[in-house]
Amino acid sequence: MNNVRVRFAPSPTGGLHLGGVRTVLFNYLFAHKHGGTFILRVEDTDQNRYVPGAEEYIFETLAWCGLEPDESVIHGGNFAPYRQSERKAMYKLYAEQLVKHGHAYYAFDTPEELEAMRNTYKTENATAQYNSVLRSKMRNSLTLGPDEVAQLLSEGVPHVVRIKMPDVPEDITFTDMIRGEVSFNTAQVDDKVLLKADGMPTYHLAVVVDDFLMQITHAFRGEEWLPSAPVHILLWRYLFGEDKMPQWAHLPLILKPDGKGKLSKRDGARFGFPVYAMNWTDPVTGELTPGFKETGFLPEAFVNMLALLGWNDSSGQEIFTLDELIQKFSIERVHKGGAKFDYEKAKWFNHEWIKRLPVSRYRDSVKELFEAQGITITDEAKFDKVLELVKDRCTLLPDFVTQAAFFFRQPQSVDVAAIKPKWNAQKNLFFIELISAYQSLQTWEAEALEKVFKEIASVQVLKPGELMLPLRIMLVGGKFGPGVFEIAAMIGKEEMLKRIKHTLQLLV
RNA sequence: GGAGCGUUGGUCAAGGGGUUAAGACACCUCCCUUUCACGGAGGAAUCACGGGUUCGAUUCCCGUACGCUCUACCA
């Protein structure tokens, strides 16, 4: 495939959610696999839904994911502008061309008139459509004589441009890269608005015009767009020729875990997991919607997880680097059916990536987390060693704090209850002996510490096993963490003895 | 209501005329480990239903059911 050009076209109305990032990913993978170009086009044609900051957020998200576009408002390119609001004038030209050729018409109906029409013509359950029969009852350039239309236009009466569905219904068929042949009958689709009263295009006109002008070769979008495909195909036919149309792929939806529809922003709060890629704060309400990044996901894991949501390479492999994905991805292997989002599986991906990436890859992020808890890291080398020691136990980045804070400060709380029931004078004596034995040790390493520990236990005829848990609780504060003597070696003599003494007091 | 799309274990899914119907997540049991993890071994499916086609259908065809999406001067 030559000169592959794909695009992701979000509207800047808020945070970017899972499904959006997955669409970005598939675009990115496809473009890179074929040596093509990945374009980011901002679909800001709805002035009422414009949200300040949303555009910046999208770019920050792509940067965090490592899915940088080749062309965009900030990356430049030969097809600027990449913001549709700045292309406003072009769309009008195409809309007028359609009217001139009889494929579209002016409609002067006011919102009130439209509502009245819908109310009178809607049936029991069916909503009324602005179609070949109803348009004859409305105020438009098809029903109104040419003079009257000219007059209204010159008076600047608000109007829209609507596409005119063919007079004789026909089947519109196209081949979707994922679903194969799909067809619709034009009798079923209504005369969509192409150009709004404010002169801005609707999505329908804008995608087609921009995909043509930007020479898009393959267009990926969510399955929710499938029903409007016939409108777009007709537009391609009328404007540029169907042969120039990009190949379409309608991606399966990402569904709610309980199977009731597509995953939405609100589901995050309902199920207790992030839905957006990064934290998003609504500039008006101040409402914060949590993101995967801040929840403690690694971009590698996030991207990997997204790729497997609806795609697989058939080998059973689940862990992929971005480069491997580029190499193995194929749009034909994307599923048709939607997938319920499984947060447990998402966490598993993160756990896997934490385990296999060198700690240097996420050390800085973890360090910030420590410092947010008031733990200052001064010894970088020790910090890396500690992270290495506990990484198997961490699923999300914040887990490092709970798993490793005790290496850098005394446990916040000591789970005395775990040892108290079996505590006795003999054990107490053991630890007092242990303190003095450790006190006089010249070297301080795990093996020696364990040896001394066991010697004293044997002299006192105590089972080491009954003493290990108490020691762990003393050092760690709870029943978790790496080998207890490794911990001891790491925290040092002074700190260790301090913690033993401290717990001994609590046990009195 | 209409149109479109979809339907393999709880979830993600491989497979696609003849298989013991892969694998992963989660869950349970066991092993390892004198903690918790990691690691290892086990454990679950009449492939939505009904008709065809066929020697044979989870796989092909047609229906049905169910689910989802769309049905805005939003994308």
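So you know, we letter chains A, B, ... as the sequences are listed, proteins then strands, and number each from 1. Please read all numbers here as calculations on a predicted model, not as lab measurements.
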Quiz item: Reading RNA chain B 5' to 3', what string of ( ), [ ], | and . shows its pairs, if Watson-Crick and G-U wobble pairs count only when both distances fall under 3.5 Å?
Solution: (((((((..(((.....[....))).(((((.......)))))....(((((..]....))))))))))))....
Quiz item: Contact class for Gln129(A) (heavy atom, under 4.0 Å): base, sugar-phosphate, or nothing?
Solution: sugar-phosphate
Self-check item: RNA chain B: 5'-proximal contact among Lys192(A) and Ser315(A) (nearest heavy atom)
Solution: Ser315(A)
Exercise. Kindly say whether the aromatic ring centers of Phe271(A) and Tyr343(A) come within a distance under 6.0 Å.
Key: no
Practice problem: Flag the pair Lys422(A) and Glu466(A) as a salt bridge only when some basic side-chain nitrogen lies within less than 4.0 angstrom of an acidic carboxylate oxygen. | Solution: no
Practice problem: Using a heavy-atom cut-off of under 4.0 Å over every strand shown, decide if Thr13(A) touches base, sugar-phosphate, or nothing. | Solution: nothing
Self-check item: First of Glu318(A) and Leu469(A) reached from the 5' end of RNA chain B, by closest nucleotide
Solution: Glu318(A)
Quiz prompt | Residues Asp190(A) and Lys192(A) bridged, charged N to O under 4.0 Å | solution = yes
Quiz item: Are any non-hydrogen side-chain atoms of Phe220(A) and Leu25(A) less than 4.5 angstrom apart?
Solution: no
Exercise. Take the protein atom CG of Leu475(A) and the nucleotide atom C1' of C36(B), then report the distance between them rounded to whole Å.
Key: 15 Å
Quiz prompt | Sorted by number, the residues of residues 301-313 of chain A with heavy-atom contact under 4.0 Å to RNA chain B | solution = Leu308(A), Gly310(A), Asn312(A)
Exercise. Indicate the atoms forming the closest heavy-atom contact of Pro166(A) with Leu234(A), along with that distance.
Key: CD-CD2, 4.0 Å
Quiz item: Reckon Arg221(A) touches a base, only the sugar-phosphate, or nothing at all at heavy-atom distances under 4.0 Å?
Solution: nothing
Quiz prompt | Arg135(A)/Asp167(A) salt bridge by N-O under 4.0 Å criterion | solution = yes
Quiz item: Leu389(A) has an atom CG; how far is it from atom C1' of C36(B), in whole Å?
Solution: 13 Å
Could you go over nucleotides 73-75 of chain B and give all protein N or O partners under 3.5 Å, atom names and distances?
from   : atom 1 : to        : atom 2 : distance (Å)
C73(B) : OP2    : Arg118(A) : NH2    : 3.2
C73(B) : O2     : Ala197(A) : N      : 2.7
C73(B) : N4     : Asp109(A) : O      : 3.0
C74(B) : OP2    : Lys196(A) : NZ     : 3.1
C74(B) : O2'    : Asp46(A)  : OD2    : 3.3
C74(B) : O2'    : Arg49(A)  : NE     : 3.2
C74(B) : O2'    : Arg49(A)  : NH2    : 3.1
A75(B) : OP1    : Thr45(A)  : OG1    : 2.8
A75(B) : OP1    : Lys196(A) : NZ     : 2.8
A75(B) : OP2    : Tyr203(A) : N      : 3.3
A75(B) : O3'    : Glu43(A)  : OE1    : 3.1
A75(B) : O2'    : Ser11(A)  : OG     : 3.3

Self-check item: Asp211(A) and Arg7(A), any side-chain heavy atoms less than 4.5 Å apart
Solution: yes
